[in-house]
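A short write-up of the structure that comes next.
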Number of protein chains: 2
Amino acid sequence: MPRAGLTTERVIAEAERMIDDGGLRQLTLAALAGRLGVRQPSLYKHIDGLGALEHHVAIRAKAELGDVLGRAAIGRSRGDAIAAMARAYRDWARKHPGRYQAAQRAPLPGDVEDEVASHRVVSVVAAVIEPLGLHGDDAIDAIRTFRSALHGFVSLEAEGGFELPVDLERSFERLVETLTTVLRRWSPFA
Amino acid sequence: MPRAGLTTERVIAEAERMIDDGGLRQLTLAALAGRLGVRQPSLYKHIDGLGALEHHVAIRAKAELGDVLGRAAIGRSRGDAIAAMARAYRDWARKHPGRYQAAQRAPLPGDVEDEVASHRVVSVVAAVIEPLGLHGDDAIDAIRTFRSALHGFVSLEAEGGFELPVDLERSFERLVETLTTVLRRWSPFA
DNA sequence: ACCATGTGGCTATTGCTAGTAGCCATTTCG
DNA sequence: CGAAATGGCTACTAGCAATAGCCACATGGT
């Protein structure tokens, strides 16, 4: 009986591929094992159950998204950086819908690894917004607005929540323009 | 053996209560039957399986959300109507997190009932935005921006996606103010 | 009042899922 | 080259949705 040569890495990678074309919901250990040419219980030698697998996928997705956002902002400033980051955010989410979805679960309190990965995304956004002169609560409000608008657009788009598939590019560019304008003019709150 | 006196209505209502305090994910026919004092197969006399049940819940949630938004805007105009609608949106989603989540699935093509309910939400928003002088593609972009920002905020809030639970009220009011300002000044696109 | 019909429960069963126990062949390392 | 570790496996349990088919209750007509 020749060995399949699985590793934790390969199992997770296949799970990622699986959810990116089929949705998070249809990730099952049975189907995953099938894809890897192995029986379902064999997976437990590499991952600690379905929950742990989803957790790994989530952390990796958060880390990669943070990375992508960071790279998008390099060499740009202010409005340009914000727009580039927004487009990178949407692009990544569209290329990896399952992983994006997996990344939405908040870390459990005390789960340091997850907290770090989650925080990275926020801190990259914060780093781009800070040069606009925003600090403290004003910066927090601005970051939340930015994230809300992007996450909202991306997830409505992914769910097919926009009724007409036409003109999504235009609508998104419009949203990006609005965001950059709004954030550049962000002012202290009463 | 006395009858339990179930109806389709009661089954759906109990499912709604169930997902509103526990999340959509933990809606199972077994648990639902337990709550209703009945065995699991008995539910099939009233609903056509778990998928159909979720579908009913989704349609009712969309209809009710559309209703709530419509009522919020009555007697107000322009910025006031937009702000009131935004607050009503968030309030309803917070009061009914499971139903809000259920309402996010887009209708399958040809599912007229679902399409009507889905469209109602969009058309209420459209009705409030139109008096600002927006038509055609500009109105579509504006509606999408509005929905994106609200849905994004609400779902990030529900998932615990904002790191600090403090100041959410302030951040939301800020978002609402920003939205009303942006929409009032919405201009034709190049 | 009573019988006939329809219906809302039920038990029993199937098939799919996650997860556990424990075996054994292959690999790896002293 | 032998011993230990390891990565597959089969066999099993338990929970889930769903179907088949039974039977008691409720209802309505004569």
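- One can place CG of B:Leu27 at 12 Å from P of D:dC16, the figure rounded to the nearest angstrom.
- A:Glu159 contributes atom CD, which lies 7.0 Å from atom CD of B:Gln104 (distance to the nearest 0.5 angstrom).
- Salt bridge status for B:Arg105 with B:Asp114: absent, with no side-chain N to carboxylate O gap under 4.0 Å.
- Between A:Leu53 atom CG and C:dA18 atom C1' the separation is 13 Å, expressed in whole Å.
- In this structure, the nucleotide among C:dG9, D:dG7, D:dC16 sitting nearest to the side chain of A:Lys45 is D:dG7.
- Across all strands, B:Thr28 comes closer than 4.0 Å only to sugar-phosphate atoms, never to a base (heavy-atom distances).
- OP1 and OP2 of D:dT6 both lie 4.0 Å or more from every side-chain N or O belonging to A:His46.
- Note: CE (B:Met18) to C1' (D:dC16) measures 12 Å, nearest angstrom.
- Not one side-chain nitrogen or oxygen of A:Gln40 sits closer than 4.0 Å to the OP1 or OP2 atom of C:dT17.
- Atom CZ of B:Phe153 is separated from atom OH of B:Tyr89 by 12.5 Å, given to the nearest 0.5 angstrom.
- At the phosphate of C:dC10, OP1 or OP2 sits under 4.0 Å from a side-chain N or O atom of B:Ser42.
- A 4.5 Å side-chain heavy-atom check between A:Val121 and A:Leu69 finds at least one atom pair inside the cut-off.
- Distances shown here put a side-chain N or O of A:Arg39 below 4.0 Å from the OP1 or OP2 atom of D:dT10.
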